[in-house]
Amino acid sequence: MSSRRQFVKGASILGLAINWPSLISKLPISDLHAESVDWLQVRDLFPISSWEKIHLNSGSAGVMPTPVQDHLIELIKKVNSKAPYEVWGEWQETKTSNLSRLAEMTNCDHNELQIVRNTTEALNMIIYGLALNGGDEIVMGQQDYPFAKNTWQNRAKRDGVIIKEVDLQIPAKDEEILAAYDKMITDKTKVVHITHITHREGHIMPVKKLSALAHSKGAEVVVDGAHAVANINLDLRDLDCDYFASSLHKWLNAPLGTGLLFVKEEKIKDLYNHPSSNLDAYDNMNKYEHLGTRAWANEIGVAAALDFHDALGHQNKLDRLQELKEYWTGQVMDVANVQLKTWIEPRYSGAVATFSLDNISNRKIRKSLNKDYNIHVKSVDCKGGGGIRVSPNIFTTKEELDQLVFAIRKLSEE
Ligand SMILES: Cc1ncc(COP(=O)(O)O)c(C=O)c1O
């Protein structure tokens, strides 16, 4: 069987649509197919693999593999080859098929989705679009993302909504999280804001249970799912949230400046239009598309990232991310002075895990990892002392993680 056919077979096993854009036939990964993946071959497809540093900060922003990057460059060339709006017109079919493929991946209807620039933009559209009055209460958590908090605080300043913050030490058991939110929700609570995967510990919050709790008390649910798409299995129907925001440039390795807005079908008409939308567009996600002239190539380039993802196989990728996290955490969790801030079981975390050392500050650890061991990570502030966030990706090798483990052991002895 040819490699090309193996690709397709792998994909159809996973139940994915196979009328992909022609990009897949151009992928220079002839032996790669969805049943078994050579991860070293995958690594070679990422320009980041030539960086002199070991890149363990995919949580901040993803990077594109070469086929996606090359495709994006082709799209940019195309949009500059004639009147750009003509090209945008020609791209409408790909735009629609991107939404259908993302809907299939996240289990919702494509009419509930819109591609936007990032999680921040999607959250702004939701938070500024909700019909709220002064005195309405919003419940969120101290672990939520600072810029999402800013958006709510700006809304509070403008309209007098009241923000109440749940103060939990994360990670925590689902029951503890539910009890803390339950205590905070009153009959004035109109919205519960939940971060699906926290940016500091990488903890997966019990969104489905929190949604059920919020709904039982008459509140709507906004989810900041920046880290969810292509990092963990995401089922929007099952989560039953009302609004969901994500970034495609993180774990899907899509072009920078691509994100996803989801609004549950029955909620679309009541969410305010984007300010520049036609007044008759209220009951249609299309109202979030009237954003003026922009970098359309990025949005259309999502097709290539989806092709790449499908070629690897969705579950293969998720399993690999778990394998990498388990590989390094398993070797340091019992080392003296090491504190893991993340629960490693797949139900509690995706690719990201965070640690700290009792004997050295996070700032010093980050600096030393960078300078002495050539490792790029992010240091994060958490309740209870913060830590070093390690986010490997499918281009990360176990040898690179060995270097991290070696460095952590050395630093823990200082
Ligand atoms: C939980 C969370 N929300 C929102 C964001 C913002 O994502 P973006 O910069 O893609 O808008 C991030 C970024 O890391 C995040 O971790």
Side-chain angles (χ1 to χ4, degrees), residues 55-64 102 106 113-128 138 140-155 165-166 168 170-171 177 191-207 210 221-232 234 239 241 243-262 288 291 294-295 298-299 301-302 305 321 325 341-342 348-354 376-383 386-393:
H55 180 45
L56 295 176
N57 185 17
S58 283
S60 289
V63 288
M64 284 175 269
L102 287 163
T106 59
L113 291 181
Q114 181 63 44
I115 293 184
V116 294
R117 285 181 299 187
N118 48 47
T119 303
T120 306
E121 182 169 62
L123 283 176
N124 289 345
M125 285 167 161
I126 297 163
I127 295 170
Y128 264 64
I138 316 303
M140 54 192 317
Q142 63 80 23
Q143 72 282 353
D144 292 327
Y145 194 64
F147 294 102
K149 288 186 182 182
N150 282 356
T151 310
W152 276 116
Q153 277 155 8
N154 277 305
R155 185 83 212 254
E165 202 168 279
V166 174
L168 265 175
I170 301 289
I177 294 174
V191 178
V192 176
H193 177 108
I194 309 161
T195 302
H196 195 172
I197 303 182
T198 65
H199 67 285
R200 309 164 321 181
E201 311 85 354
H203 186 70
I204 302 174
M205 296 286 283
V207 173
L210 284 168
V221 176
V222 173
V223 177
D224 171 352
H227 291 276
V229 171
N231 179 12
I232 60 170
L234 177 59
L239 294 181
C241 57
Y243 312 93
F244 192 93
S246 193
S247 293
L248 302 176
H249 53 220
K250 285 188 188 292
W251 296 99
L252 188 62
N253 303 105
L256 278 184
T258 53
L260 198 62
L261 168 68
F262 162 84
Y288 289 104
L291 304 174
R294 58 198 186 276
N298 293 349
E299 176 175 340
V302 167
L321 294 176
K325 173 190 65 179
K341 308 263 166 167
T342 306
Y348 289 123
S349 57
V352 172
T354 298
H376 171 68
V377 287
K378 184 171 168 65
S379 111
V380 285
D381 290 326
C382 322
K383 184 180 163 74
I388 298 295
R389 186 182 74 183
V390 177
S391 35
N393 208 315

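Just the heavy atoms: all of them, side chains too, but no hydrogens, waters or symmetry mates, feed the values below. Atoms within a ligand are numbered from 1 in the order they appear, just like the ligands themselves.
Against a heavy-atom cut-off of under 4.0 Å, Ser247 is close to the following atoms of ligand 1: 7 (O), 8 (P), 10 (O). Applying the 4.0 Å criterion to heavy atoms of His249 picks out, from ligand 1, the atoms 10 (O). Using a 4.0 Å cut-off to heavy atoms of Ala226, the atoms of ligand 1 that qualify are 2 (C), 3 (N), 4 (C), 5 (C), 12 (C), 15 (C).
Atom 1 (C) of ligand 1 has as its closest protein heavy atom Asp224 OD2, 3.5 Å. Closest to atom 9 (O) of ligand 1, if we only count protein heavy atoms, is Thr120 OG1, 3.9 Å. Among protein heavy atoms, atom 5 (C) of ligand 1 sits closest to Tyr145 CE2, 3.3 Å. With respect to atom 16 (O) of ligand 1, the closest heavy atom belonging to the protein is His227 NE2, 2.7 Å.
The environment of CZ in Arg117 is sparse: at most 12 heavy-atom neighbours from other residues, nucleotides or ligands sit within 6.0 Å.
Checked against Gln143 for a side-chain contact (heavy atoms from CB on, under 4.5 Å), the options His199, Arg200, Glu165 give a single hit: Arg200.
Under a 3.5 Å cut-off, the side chain of Thr119 and the backbone N or O of Ser247 do form a donor-acceptor pair. Between the side chain of Glu299 and the main chain of Thr258, no donor-acceptor pair closer than 3.5 Å is present. Side chain of Asn231 to backbone of Ala351: a donor-acceptor contact under 3.5 angstrom is found.
The CD1 atom of Ile127 sits 9.0 Å away from the CD1 atom of Ile138 when rounded to the nearest 0.5 Å.
Taking all heavy atoms of His199, Lys250, Glu121 into account, the minimum distance to atom 14 (O) of ligand 1 is reached by Lys250.
The shortest N or O to N or O distance between Thr195 and ligand 1 is not under 3.5 Å.
In this structure the side chain of Ile197 reaches within 4.5 angstrom of the side chain of Ile232, judged on heavy atoms.
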